[in-house]
Amino acid sequence: QVQLVESGGGLVQAGGSLSLSCAASGRTFSSYPMGWFRQAPGKEREFVAGFSWSGSITYYADSVKGRFTISKDNAKNTVYLQMNSLKPEDTAVYYCAARKTRGTPKDEANYDYWGQGTQVTVSS
């Protein structure tokens, strides 16, 4: 079993930055590729960023490419999402997730464990 706890959300003005963290406990962190998803009010949850099965390749949604960076620290059992040049349309609840399943990191159906989410609000 894996437990995931996100932190770092908050309110920021457009153009600002936030860094999210996701602390993992339970099974060895590095065994499961991690990803970030988000859900805006009235919308479906969508992929934001994630690691390949090997952990050596990162993937991003087109909407965040060049602005967001996913990284991990296996020693700390933590995955990060650095968000720069934030826009009002980035406002959402952000979730980290871990998967035991191979396949595209962009499909939430491939993820087995989810955090509780952290709110990110970007004001214009």
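Side chains are part of it too, since the values below use all heavy atoms of this structure and drop only hydrogens, waters and symmetry mates.
- Side-chain contact between Val5 and Gln3 is absent, with no heavy atoms from C-beta onward closer than 4.5 Å.
- Between Ser52 and Tyr59, the closest side-chain pair of non-hydrogen atoms falls below 4.5 Å.
- The closest side-chain heavy-atom distance from Tyr95 to Val93 is below 4.5 Å.
- Within the model, atoms CZ of Phe68 and OG of Ser19 stand 11.0 Å from one another, a figure rounded to the nearest 0.5 Å.
- A salt bridge is absent between Asp90 and Lys87: the closest approach of a Lys/Arg side-chain nitrogen to an acidic carboxylate oxygen does not fall below 4.0 angstrom.
- Leu18 is connected to Ile70 through a chain of hydrophobic side-chain contacts under 4.5 Å among Ile, Leu, Val, Met, Phe, Trp and Tyr, so both are in one cluster.
- Annotation: the span from Tyr111 atom OH to Leu4 atom CG amounts to 11.5 Å, rounded to 0.5 Å.
- To the nearest 0.5 Å, the span separating CZ on Arg99 from CG on Asp107 amounts to 9.5 Å.
- Residues Arg38 and Val120 are not in side-chain contact: their nearest non-hydrogen atoms beyond the backbone lie 4.5 Å or more apart.
- Among all heavy-atom pairs drawn from Pro88 and Ala14, the shortest one is CD-CB, 4.1 Å.
- Residues Phe47 and Glu108 have side chains not in contact (no heavy-atom distance under 4.5 Å, counting atoms from C-beta outward).
- Follow the hydrophobic side-chain contacts under 4.5 Å out from Leu20 and you never reach Trp114; the two are in separate clusters.
- Residues Val79 and Tyr32 share a hydrophobic cluster, clusters being chains of Ile/Leu/Val/Met/Phe/Trp/Tyr side chains in contact below 4.5 Å.
- A continuous path of hydrophobic side-chain contacts links Val64 to Val12 [ILVMFWY only; heavy atoms under 4.5 Å].
- Rounding to the nearest 0.5 Å places OG1 of Thr101 at 4.5 Å from CG of Asp112.
- Using a 4.5 Å heavy-atom cutoff, the side chains of Glu6 and Trp36 are in contact.
- Using a 4.5 Å cut-off on side-chain heavy atoms (C-beta onward), Ser21 and Lys76 make no contact.
- A side chain to side chain contact (heavy atoms under 4.5 Å, CB included) with Thr91 is found for one member of Val122, Leu11, Leu86 and no other, namely Val122.
- Put simply, CE on Met34 and OG on Ser71 are 11.5 Å apart, with the number rounded to the nearest 0.5 Å.
- Inter-residue side-chain proximity for Thr69 and Tyr60 is flagged as met; some heavy-atom pair is nearer than 4.5 Å.
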